[in-house]
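Throughout, a chain's letter reflects where its sequence line sits, starting with A, and its residues are numbered from 1. It should be emphasised that the depicted structure is a prediction, and the values quoted were computed from it without experimental measurement.
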Number of protein chains: 2
Amino acid sequence: MRGNWFNEERTTRHRRELAIIGQRNRLQYIILGLLNQRPQTGYDLAKAFENEIGEFWQAQHSQIYPMLKRLETAGEITHEDTIAGEKLAKKQYSLTPSGHEKLVAWVSEPSPELAATKDEFILKLYFIKSADDPRLQPMLQEQAVLHRTQLAHLKQRRQTVFPDQAAIDQAYGHYLILDHAIGREQYYVDWLNQLLEH
Amino acid sequence: MRGNWFNEERTTRHRRELAIIGQRNRLQYIILGLLNQRPQTGYDLAKAFENEIGEFWQAQHSQIYPMLKRLETAGEITHEDTIAGEKLAKKQYSLTPSGHEKLVAWVSEPSPELAATKDEFILKLYFIKSADDPRLQPMLQEQAVLHRTQLAHLKQRRQTVFPDQAAIDQAYGHYLILDHAIGREQYYVDWLNQLLEH
DNA sequence: TTAAAACATGTAATTAATTACATGTTCACT
DNA sequence: AGTGAACATGTAATTAATTACATGTTTTAA
């Protein structure tokens with residue numbers, strides 16, 4: 001395990017037992033995982049970050065293209081040049097055996113760190129000292145709208161992407177994380193509603 | 001609103017309605033908020049990131065000290081040099097009226113963006129295709145241990161920091177976010193438990 | 001037929017965040 | 001008297017991520 005600014009090996013301080021991590025090079029693994037599903041172009045990968053994994057991880061094409069080069073240099077992926085139509089050049093990337101191994105190793109290794117949630121609203125709440133602060137109710141209202149919208153969006157996605165049991169069985173992990181995200185939003189909405197009822 | 005890579009103004013794409021943000025310069029506001037509570041040194045601020053706000057935001061002293069200089073140059077904060085003991089130099093920072101204004105403006109402005117949650121376990125789950133994958137159960141078990149521990153830790157903190165109603169009334173926002181964090185962890189644990197019962 | 005949207009691939013500049021380097025003081029305990 | 005933990009403040013190097021710059025092709029719909 002790489003040294004983390006605050007981890008369990010750091011025995012001299014006992015303020016917190018569990019490390020909360022920022023973000024490390026997980027992008028490479030996501031790319032390997034996506035390419036394991038099927039060979040894809042950088043553009044396809046960028047779209048995946050806007051769609052299915054977008055709820056959980058974000059990356060722009062400006063981060064993806066350089067990473068594809070790095071991974072190819074490292075021998076984890078290769079590409080095949082193709083031409084679409086008259087002359088539109090595409091690079092179809094796919095995993096090498098080494099890349100596949102690396103992906104399997106990553107999924108199999110422990111994930112002992114808590115997710116770093118950076119929620120600006122929660123941060124602002126911290127600085128509201130009193131329950132009577134006139135800013136509090138509007139803030140809660142605003143967040144309720146935001147999270148109700150997101151909840152509806154996620155439920156809609158679940159219905160579209162997983163219409164039947166067969167769809168769930170084919171991409172069980174994807175189903176689980178969508179289900180998890182829905183539950184998380186539902187909790188957020190319930191928590192806000194309960195506060196709004198005072 | 002500063003241009004975001006994927007926001008509501010971007011009307012030409014309709015894949016997602018709500019922006020998920022990365023991280024912007026929120027550190028400065030957190031520092032202003034902390035200094036608004038009471039004048040503090042950089043060291044004190046760093047400790048606050050390990051304790052109360054550590055569940056919601058992380059920053060190291062190597063980020064804090066330069067930010068204090070930036071904020072002082074910008075006229076948002078000032079400092080007073082003091083000596084502790086024989087010769088230990090301390091810099092006690094406090095808000096200027098301008099810094100206070102800036103803090104109030106930030107808290108008052110809308111927070112229309114969803115939190116970016118980067119959870120490595122959730123990411124790995126995405127790449128588990130089948131419910132029969134032998135890695136799935138151990139992964140869920142591991143996460144259950146992690147989140148049960150965190151839940152216990154947060155509940156302990158609530159009991160310590162908010163033993164009575166008076167404590168809650170004095171730092172209502174802090175209480176709310178701790179309550180929110182507990183609810184969030186409780187949901188995570190319940191979700192994992194329900195999956196582990198198959 | 002033409003304009004907009006989507007497809008497609010890159011690089012550059014900047015900012016945010018982590019990790020490591022660097023140094024010294026004070027307090028509590030043995 | 002000595003040691004280790006906590007107090008205290010910085011900088012440097014690196015990595016991650018965002019935003020902006022840059023260019024061209026193909027498809028779709030008015």
Rounded to the Å, how far apart are B:H61 NE2 and D:dA6 C1'?
14 Å
Of the candidate nucleotides D:dA8, D:dA17, C:dT9, which contains the atom at the shortest distance from the side chain of B:K90?
D:dA8
Side chain of A:K87 (C-beta onward), nearest among C:dC21, D:dT26, D:dA8
D:dT26
Mind calculating the distance between CH2 (B:W57) and P (C:dT18) to the nearest angstrom?
10 Å
Using only heavy-atom distances, decide whether a donor-acceptor pair under 3.5 angstrom links the side-chain of B:T41 to the base of D:dT9.
no
To the nearest angstrom, the CG-C1' distance between A:L27 and C:dA17 comes to 16 Å
Would you tell me if any nitrogen or oxygen in the side chain of B:K69 comes within less than 4.0 Å of OP1 or OP2 on D:dT9?
no
With a 4.0 Å cut-off on heavy atoms, is B:A46 in touch with a base, just the backbone sugar-phosphate, or nothing at all?
nothing
Counting only side-chain N and O atoms of A:Y43, is one of them less than 4.0 Å from OP1 or OP2 of C:dT9?
no
Nearest listed nucleotide, side chain of B:S62, among C:dT18, C:dT9, D:dA6
C:dT18
Winner on side-chain proximity to A:L88, out of D:dT9, D:dC21, D:dG24, is D:dG24
Return whichever of A:M67 or A:I83 has its heavy-atom-nearest nucleotide of DNA chain D closer to the 5' end.
A:M67
Are A:F127 and B:H174 close enough that their ring centers fall under 6.0 Å?
no
Measure CG/B:L68 against P/D:dT9 and give the value in whole Å, please.
9 Å
A:E86, nearest nucleotide to its side chain (from D:dT26, C:dG10, D:dG10)
D:dT26
Rounded interatomic separation in angstrom, taking OH from B:Y65 and C1' from C:dA22:
13 Å
Taking for each residue the nucleotide of DNA chain C with the nearest heavy atom, is it A:A84 or A:P66 whose nucleotide lies nearer the 5' end?
A:A84
Once you round it to whole Å, what is the distance between P of D:dT9 and CD of B:Q92?
9 Å
A:K118 NZ - C:dT15 P separation (whole Å):
18 Å
To the nearest angstrom, the CD-C1' distance between A:Q63 and C:dA17 comes to 13 Å
Given the options B:Q92, B:E72, B:K90, B:H79 meets side chain to side chain donor-acceptor pair (under 3.5 Å) only with B:E72
Joint cluster assignment, A:Y188 & A:L196, ILVMFWY side-chain distance < 4.5 Å:
yes
Nearest-neighbour nucleotide for the B:K91 side chain, D:dT9, D:dC7, C:dA8 considered
D:dT9
Would you call B:D81 and B:K91 a salt bridge, using N to O less than 4.0 angstrom?
no
Walk me through it: do B:Y187 and A:Y187 pass the test ring pair (Phe, Tyr, Trp, His ring centres under 6.0 Å)?
CA-CA 7 Å; B:Y187 162 68; A:Y187 162 69; 7.3 Å; no
